[in-house]
Student: 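Okay, handing you the structure first.
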Amino acid sequence: MKTKFLSTIFLLLFTAAVLTGCSASAAPVLSFDGHQISTEEFSLYCEIAKRNLVDRNDLDALYNSAIEYAIEVYGLYDLAAELEVSDEFSFNDLKNGLQQENEARNKLLQSGQPVMGILQFGLSDYLEYLLSECRYNIALAIAKKPSSDILEGAEDYYEANKEDYISDATYTYQVLSIVDGKEVAEVKTVSQEDLMVSYHSSDLLGDVLLQGNIGEEYTIGDERITVLDRSNEYYPFSDVQEMVTMAYVEKQWLPEFLEGCVASCDYTFDDSRIIE
């Protein structure tokens, strides 16, 4: 990829190209695995990739991030198609879907009905919305019929994130208060179920019991609270297997899969077609 020296004129031209996708050429800018990426489509990936760049004037970094993003989009949808939870990705289908989605949301707005989420999508937001939905569908499909390797990874994930799968807990704490001018210590025990019922999530005592350090003293009003013990009970893996497997696939397996797609992808890129 040739090095580019930025100038004010070039930056203006590049910004216009990225934001509008304008180009006189219909030839693909990026090609990989049988996929042909037009200037307009690549401009969308540049727009999204720019959000995570520290130096947005670094074209090499921008192009590399956009290329990786494109490979991940198609890799995700190719996997979804293989699992039969989605069709393969098409940029034209994306644009048509955006129009239909916004028309449907506009009709709801005009009729006074509630609209969940964004009132009207832009193309980049709509793509990321679909990608999130695609990841969920992939994770669900894999979790329902996991391979032995996926199950093994899910079990490791469960052990590393066991605090997310607490079935019950018992909290023992000491309360120091002043009664008739004297300091009185009282030890109390509360179960997680009672804690959830008795204490609102914003209550300080609930926060201390759930998140406070064992042995550390916290002042709440006129009382001093010390958490003495926190004993957790966990759902067995077999009871939460599908839930854990979905979390493992979405948060660990799928990102590693997409990294592999990028690392192994043989692509061609012609940045001269972006601005003509």
Student: Can L210 be reached from I214 by stepping across I, L, V, M, F, W or Y side chains whose heavy atoms are under 4.5 Å apart?
Tutor: yes
Student: For the pair S167 (side chain) and E233 (backbone), establish whether a donor and an acceptor sit closer than 3.5 Å, ignoring hydrogens and angles.
Tutor: yes
Student: Please examine the side chains of E41 and H35, heavy atoms only from C-beta on, and report whether any two atoms are closer than 4.5 Å.
Tutor: no
Student: Whether the side chain of S43 engages the backbone of T39 through a donor-acceptor N/O pair (distance < 3.5 Å, no angle test) should be reported.
Tutor: yes
Student: I'd like to know if K107 and E103 make a salt bridge, using a cut-off of under 4.0 Å between side-chain N and carboxylate O.
Tutor: no
Student: Which pair of heavy atoms, one from Y173 and one from I225, lies closest together, and at what distance?
Tutor: CD1-CG2, 3.9 Å
Student: What's the spacing between E242 CD and D239 CG if we round to 0.5 Å?
Tutor: 13.0 Å
Student: Counting C-beta onward and ignoring hydrogens, is there a side-chain heavy-atom pair between L176 and E217 closer than 4.5 Å?
Tutor: yes
Student: Any side-chain to backbone donor/acceptor pair from R135 onto V249? Under 3.5 Å, distance only.
Tutor: no
Student: Does L83 share a hydrophobic cluster with L76, counting links as ILVMFWY side-chain heavy atoms below 4.5 Å and allowing steps through other members?
Tutor: yes
Student: Run the salt bridge (Lys or Arg N to Asp or Glu O under 4.0 Å) test against E186 and tell me which residues pass, sequence neighbours left out.
Tutor: none
Student: Aromatic rings Y63 and F269: how do their planes relate, parallel, tilted or perpendicular, breaks at 30° and 60°?
Tutor: perpendicular
Student: What heavy-atom pair brings T219 and G221 nearest, and what distance separates the two atoms?
Tutor: CG2-O, 3.6 Å
Student: Are the side chain of R230 and the backbone of G212 linked by a donor-acceptor contact shorter than 3.5 Å?
Tutor: yes
Student: If you define the side chain from C-beta out and look only at heavy atoms, does anything of E133 sit under 4.5 Å from Y136?
Tutor: no
Student: Distance from D125 atom CG to L130 atom CG, nearest 0.5 Å?
Tutor: 11.0 Å
Student: Same cluster or not: are L140 and L254 linked, directly or through other Ile, Leu, Val, Met, Phe, Trp or Tyr residues, by side-chain heavy atoms under 4.5 angstrom apart?
Tutor: no
Student: Ring centroid separation for F121 and Y126, is it under 6.0 angstrom?
Tutor: yes
Student: So, D55 side chain and N57 main chain: donor-acceptor pair closer than 3.5 Å or not?
Tutor: yes
Student: Membership question, hydrophobic clusters at under 4.5 Å side-chain separation (ILVMFWY): are V115 and Y129 in the same one?
Tutor: no
Student: Spell out, as yes or no, whether a donor-acceptor pair under 3.5 Å connects the side chain of N96 to the backbone of N92.
Tutor: yes
Student: Does a side-chain heavy-atom distance below 4.5 Å link L44 with L94?
Tutor: yes
Student: For the ring pair F89 and Y74, is the centre-to-centre distance below 6.0 Å?
Tutor: yes
Student: Could you list the residues that satisfy side-chain hydrogen bond (donor to acceptor under 3.5 Å, both in side chains) with S191, not counting sequence neighbours?
Tutor: D194
Student: Does any non-hydrogen side-chain atom of Y45 lie less than 4.5 Å from one of I67?
Tutor: no
Student: Linking I/L/V/M/F/W/Y whenever any side-chain heavy atoms sit under 4.5 Å apart, do W253 and M246 land together?
Tutor: no
Student: Indicate yes or no: at least one non-hydrogen side-chain atom of L209 is less than 4.5 angstrom from one of V227.
Tutor: yes
